[in-house]
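Reviewing the structure listed below.
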Amino acid sequence: MNTTTLASTTRLNPVSRTLPVLLAMEDDAEDVGRLSPDDRLTCHVHGRWIHECVASPLHVNPITRHRWCRSCATALTVSVDELSGDVTMFCPRCGHGESAASARLIAACRASLAAARRRSTRAMRQRAA
C-alpha cells in the first residue's frame, strides 16, 4: 500500500481547504489507502484539527503505542504550544515513552498546527481586504 503524508499531497493542500472539507478529504484518502491514519491533520472522531484533541484519552493506544509508555504502562502527557508550534509527549512516571507511533503523531500535530495557523492568517487577510 502506498501512503503519503497529507502535507506532501498537492490535491489535498490543507491551506486551501476549510476544516470540514479537509476532514472529508482525509476520510476519503484514508479509505482508499492514499493516506495513513497516522498522517492525518484532522481527527475523524472529534471533527477537529488533530493538535486540538490529541490530549483526549481516545488518542491513547497501548497496542500501537500511540501516546503510550510501554515501560510504565502509562498514557503519555501531551503539551501543545500553539504560539511556538511545538508539540511534546512524555511519560509522567519515567519521563520517557518515545515510540515511532507517537513520533508520527507529534509530526502530524505540528503539521496540523501549521495548517490551522496558515488558514487563520489567510482568513484574517481576506477579511481585512
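All values below come from the heavy atoms of this structure, side chains included, with hydrogens, waters and symmetry mates left out.
By the side-chain hydrogen bond (donor to acceptor under 3.5 Å, both in side chains) test, Arg70 pairs with no residue at all, sequence neighbours left out. Partners of Arg110 according to the side-chain hydrogen bond (donor to acceptor under 3.5 Å, both in side chains) rule, which considers only residues two or more places apart in sequence or in another chain, are Asp86. Listed by chain and number, the residues in a ring pair (Phe, Tyr, Trp, His ring centres under 6.0 Å) with His66 amount to none (sequence neighbours excluded).
Checking Asn61, Val60, Ile63 one by one against Trp68, the side-chain contact (heavy atoms from CB on, under 4.5 Å) holds for a single residue, Val60.
Not one N or O on the side chain of Glu26 forms a donor-acceptor pair closer than 3.5 Å with the backbone of Leu35.
With rounding to the nearest 0.5 Å, the separation of NE2 in His46 from SG in Cys53 is 5.0 Å. The CD atom of Glu98 sits 8.5 Å away from the CD1 atom of Ile106 when rounded to the nearest 0.5 Å. Between atom CD1 of residue Ile50 and atom CG of residue Asp38 there is a gap of 10.0 Å, rounded to the nearest 0.5 Å. In this structure, NE2 in His51 is found 4.0 Å from CD in Glu82, a value given to the nearest 0.5 Å. For the atom pair CZ (Arg48) and CG (Leu19), the distance works out to 8.5 Å, reported to the nearest 0.5 Å. In this structure, SG on Cys109 lies 10.5 Å from CD on Glu52, to the nearest 0.5 angstrom.
For the pair Leu23 and Cys43, the tightest heavy-atom approach, listed with the atom from each and the gap, is CD2-O, 3.4 Å. What you find for Val54 and Arg67 is that their closest heavy atoms are O-NH1, 2.9 Å. Scanning all heavy atoms of the two residues, the minimum distance from Val78 to Val80 falls at CG1-CG2, 3.8 Å. Of all the heavy atoms in Thr74 and Cys72, the pair that sits closest is OG1-O, 3.0 Å. Between Leu76 and Ser102, the shortest heavy-atom distance links the atoms CD1-OG, 3.8 Å. Contact detail for Trp49 and Ala115: the closest heavy-atom pair is CZ3-CB, 3.9 Å.
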Requested in this report: Under the side-chain contact (heavy atoms from CB on, under 4.5 Å) rule, what do His96 and Ser71 come out as? Steps first, then yes or no, please.
Outcome: CA-CA 9 Å; His96 299 289; Ser71 302; over 6 Å; no
Query - Step-by-step side-chain contact (heavy atoms from CB on, under 4.5 Å) determination, Cys69 to Cys94 - result: CA-CA 9 Å; Cys69 180; Cys94 72; 3.7 Å; yes
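Taking 4.5 Å as the limit, every side-chain heavy atom of Asp39 sits out of range of all side-chain heavy atoms of Glu30. No side-chain heavy atom of His59 sits less than 4.5 Å from a side-chain heavy atom of Val45.
With respect to Arg34 and Asp28, no salt bridge is recorded, no charged nitrogen being found less than 4.0 Å from a carboxylate O.
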